[in-house]
Amino acid sequence: MTSTPRSVRPLAASEVDEFTYQTDVLVIGFGCAGAAAALEADAAGADTILLERQSGGGGSAALSGGEIYLGGGTGIQQACGFTDTPAEMEKFLLAALGPDADADKVRRYCHGSVEHFEWLVAQGVPFKPSLWDSPTWVPPTDDGLMWMGENAHPFCDVATPVPRGHRVTSDGFGGKVLMAVLGDAIAESDVAVHTDTAVHRLVVENNRVVGVSARHFGETVTYRARGGVVITTGGFADNAEMVAQHAPQLVGLGVNSDGGDDGRGIRMAQAAGAAIRHMSAGQVGISLIPGMMVRGMIVNDLGQRFINEDVYPGLVGQAALFKHGLRVWVILDEKGYEEVPEDERWGVVPHFVAESVSELEREIGMPDGALQSTVTEYNRYAGEGIDPYFHKSARWLRPLQAPFAAIDVRKGIAPPEYGAAGGGGAEVFTLGGVCTTVDGAVLDLDGEAIPGLFAAGRATSGLHSWGYISGTSLGDGTFFGRRAGAAAAERR
């Protein structure tokens, strides 16, 4: 395929002599959000075309761990013995997804979560009714339910703790299974899939988005959409220029994507007048093993703890990057290290080992007495099963004993969910994007819907602000992708 033209300025419909294809709903991007949008538009009876610039679908969703954040009383939760409500789920997400999380979207998502779970199951997405009960990025088993920090401070005081991480059944990454299932559903539907087709400009007529111009093996092809165009092209973590402009703290870090999160969909929407939101926000997959961290502590380069170690590890990663520049260490003892089963260590070994905290402190290069003070204070209370500083669960508290070890997250190995870490011990993806309504309509700078333009997934500012919980990307993308596809179909 030839390179995509750089300009993203809209093309006037009057400049198109004749549209190559016409349809009711046009979806750009065959990831989880695009597949969900196309399936829902097709179910509404709309003629639907799904465009993908690669030779097949999947996108970044296919490379993910396969967790989908769902709750409110799903069949899997009930089978595992947990009672949940949309209201409790809503309380947790509003607290966990950061300040200025989209309350309307969170509410709609939580109250529609059980129905969305059932929709996924109806498509053929498998979930095993069993619980993985320890902190981890991705369980080494095929358990279908896992905790996402709901039982950790401060969230356990905000909402009733209930596990809501629903993991697609797989012998490895669940994302590939999710996209295989959605791909099969697309193949069995009336959705027409056009691959190797890179969209580069929206087409507008009388201030309404009516189609797109794209390139297919060096040829320009145009599409007219009677109902609407749905952008589901992913984030912008692969676009170094956009990252430097909007999210400078992510510069130089590894990227968790399929390589195609170049932000073009966001830029095309902006060129048509779209407002953007939370562009500096990002998820941080830090190079540490949650099972090791929770059995010890994580400290900054001054030897100070800065978070309770039993929270969702992505929140630890965000705190480590945004507040401490990733200059953080996991400190644990030999007993804690040995308690982590070998198949859950992912090859991570300590960078320093010492018989005393003072020796470990010197090897790391921390100020004299800094780490010693932290460990002494930690041990003083851990022996009583309490953590007055960060309120880590008593389940994980005990005094640390020699020999001691330290792991530098900048030299660690990224967890399987994030692939091989590059750029300093962490991999990231962006959370900001275009502003949308709960039905996927793209909003302009005045807060008005741009006629004919919809979006979903990581191209949008979805549920999140500066917080993240695993599963809220696949969940957000599929849930609001469905709503965007249905809304576009209604306007045909």
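Bear in mind the structure is a predicted one, so any value in this text is a computation, not a measurement.
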Response to the item:
Here the gap from His116 atom NE2 to Tyr69 atom OH, rounded to the nearest 0.5 Å, amounts to 14.5 Å

Item to complete: Applying side-chain contact (heavy atoms from CB on, under 4.5 Å), run through Leu51 and Tyr223 and close with a yes or a no.
Response: CA-CA 10 Å; Leu51 304 182; Tyr223 294 79; 3.5 Å; yes

Worksheet item: Could you give the distance from CG (Leu70) to CZ (Phe127), rounded to the nearest 0.5 Å?
Response: 6.0 Å

Worksheet item: After noting the C-alpha distance and the side-chain angles of Asp47 and Thr23, does the key distance pass the side chain to side chain donor-acceptor pair (under 3.5 Å) rule?
Response: CA-CA 5 Å; Asp47 291 334; Thr23 188; 5.5 Å; no

Practice prompt. Please report the shortest heavy-atom distance between Ser470 and Tyr312, naming the atom on each side.
Written response: CB-OH, 3.0 Å

Worksheet entry | Steps toward side-chain contact (heavy atoms from CB on, under 4.5 Å) verdict (Leu332, Ile407) | CA-CA 9 Å; Leu332 75 165; Ile407 300 168; 4.2 Å; yes

Worksheet item: Can you tell if the side chain of Cys110 reaches within under 4.5 Å of the side chain of Leu93, non-hydrogen atoms only?
Response: yes

Worksheet item: Are the side chain of Gln54 and the backbone N or O of Gly56 linked by a donor-acceptor pair below 3.5 Å?
Response: no

Worksheet item: Quick one: is the NZ or CZ of Arg345 closer than 6.0 Å to the six-membered ring centre of Tyr337, and within 45° of its axis?
Response: yes

Practice prompt. Without swapping roles, check the side chain of Ser189 against the backbone of Ala187 for a donor-acceptor pair under 3.5 Å.
Written response: no

Item to complete: Measure from the side-chain N and O atoms of Asn239 to the backbone N and O of Glu241, and report whether any donor-acceptor pair falls under 3.5 Å.
Response: yes

Response to the item:
In this structure, CZ of Arg201 is separated from OG1 of Thr222 (nearest 0.5 Å) by 12.5 Å

Worksheet item: Are any of the side-chain heavy atoms of Pro163 and Met146 separated by less than 4.5 Å?
Response: no

Fill in: Check: Thr136 and Trp147 side chains under 4.5 Å, non-hydrogen atoms
no

Item to complete: Could you check if a side-chain atom of Met279 sits within less than 4.5 angstrom of a side-chain atom of Met242, using non-hydrogen atoms only?
Response: yes

Discussion item. Checking the side chain of Asp258 only, and the main-chain atoms of Gly260 only, is there a donor and an acceptor separated by less than 3.5 Å?
Written reply: yes

Worksheet entry | Donor + acceptor pair across side chains of Ser257, Asp238 (<3.5 Å) | yes

Practice prompt. For Arg483 and Phe479, indicate whether the former's side chain and the latter's backbone hold a donor-acceptor pair under 3.5 Å.
Written response: no

Worksheet item: Out of curiosity, Ile231 CD1 to Thr436 OG1, how far, rounded to the nearest 0.5 Å?
Response: 11.0 Å

Discussion item. So does Ala46 get a backbone contact from the side chain of Thr48, meaning a donor-acceptor N/O pair under 3.5 Å?
Written reply: yes

Practice prompt. Test side-chain contact (heavy atoms from CB on, under 4.5 Å) on Leu250 and Phe322 and set out the steps.
Written response: CA-CA 9 Å; Leu250 306 185; Phe322 297 138; 4.1 Å; yes

Practice prompt. For Gln77 and Gly73, indicate whether the former's side chain and the latter's backbone hold a donor-acceptor pair under 3.5 Å.
Written response: yes

Worksheet item: Of the options Asp102, Asp100, Thr472, which is the one that meets His464 in a side chain to side chain donor-acceptor pair (under 3.5 Å)?
Response: Thr472

Practice prompt. List in chain and number order the residues that pass salt bridge (charged side-chain N to carboxylate O under 4.0 Å, His left out) with Asp190, two or more places apart in sequence or in another chain; answer none if no residue qualifies.
Written response: none

Practice prompt. Could you tell me which non-hydrogen atom of Thr478 sits nearest to which non-hydrogen atom of Leu474, and how far apart they are?
Written response: OG1-O, 2.7 Å

Worksheet item: Does Phe30 reach the side chain of Thr195, with side-chain heavy atoms less than 4.5 Å apart?
Response: no

Worksheet, complete the sentence: Heavy-atom closest pair (Glu40 atom, Ala486 atom, distance to 0.1 Å) is CG-CB, 3.9 Å

Practice prompt. Would you check if Val181 and Val168 make a side-chain contact, meaning some heavy-atom pair closer than 4.5 Å?
Written response: no

Worksheet, complete the sentence: Shortest non-hydrogen pair, Gln283 vs Gly314, comes out as NE2-CA, 3.6 Å

Practice prompt. Check Phe429 against Ala237 and note the closest heavy-atom contact, atom names and distance.
Written response: CA-CB, 4.0 Å

Item to complete: State whether Asp262 and Arg264 are salt-bridged, where the test is any N-O pair (Lys NZ or Arg NE/NH1/NH2 against Asp/Glu carboxylate O) under 4.0 Å.
Response: no

Fill in: Test side-chain hydrogen bond (donor to acceptor under 3.5 Å, both in side chains) applied to Thr160 - qualifying residues, sequence neighbours left out
Glu88

Worksheet item: Is the backbone N or O of Ala247 less than 3.5 Å from a side-chain atom of Ser280, with the two atoms forming a donor-acceptor pair by type?
Response: no

Practice prompt. Answer whether the closest heavy-atom distance between the side chains of Thr83 and Val162 falls below 4.5 Å.
Written response: no

Discussion item. Any non-hydrogen side-chain atom of Trp137 less than 4.5 Å from a side-chain atom of Pro290?
Written reply: yes

Worksheet item: Between Lys105 (side chain) and Ser461 (backbone), is there a donor-acceptor pair under 3.5 Å?
Response: yes

Discussion item. Measuring from atom CZ of Phe92 to atom CD1 of Ile469, what distance do you get when rounded to the nearest 0.5 angstrom?
Written reply: 4.0 Å

Worksheet item: For Trp132, which residues count as a side-chain hydrogen bond (donor to acceptor under 3.5 Å, both in side chains) partner, sequence neighbours excluded?
Response: none

Item to complete: Keeping to residues at least two apart or across chains, list the salt bridge (Lys or Arg N to Asp or Glu O under 4.0 Å) pairs with something in residues 114-141.
Response: Glu115-Arg482, Lys128-Asp142, Asp133-Arg395

Item to complete: Look only at the side chain of Thr430 and the backbone of Gly235, and say whether a donor-acceptor pair between them is shorter than 3.5 Å.
Response: no

Worksheet item: Closest approach of Val230 and Ala488, non-hydrogen atoms and distance?
Response: CG2-CB, 4.0 Å

Worksheet item: Among pairs that include at least one residue of residues 456-478, which meet salt bridge (Lys or Arg N to Asp or Glu O under 4.0 Å), considering only residues two or more places apart or in two chains?
Response: none

Worksheet item: When you check the gap from the basic side-chain N to the acidic O, do Arg164 and Glu67 get nearer than 4.0 Å?
Response: no

Worksheet item: Of all residues at least two apart in sequence or in a different chain, which pass the side-chain hydrogen bond (donor to acceptor under 3.5 Å, both in side chains) check with Asp157?
Response: His153

Item to complete: With side-chain contact (heavy atoms from CB on, under 4.5 Å) as the test, would you mind laying out the steps for Arg491 and Phe454 before giving the verdict?
Response: CA-CA 11 Å; Arg491 289 158 176 77; Phe454 303 84; 3.5 Å; yes

Discussion item. Can you tell me how far apart CD (Glu52) and CD1 (Ile28) are? Round to the nearest 0.5 Å.
Written reply: 11.0 Å

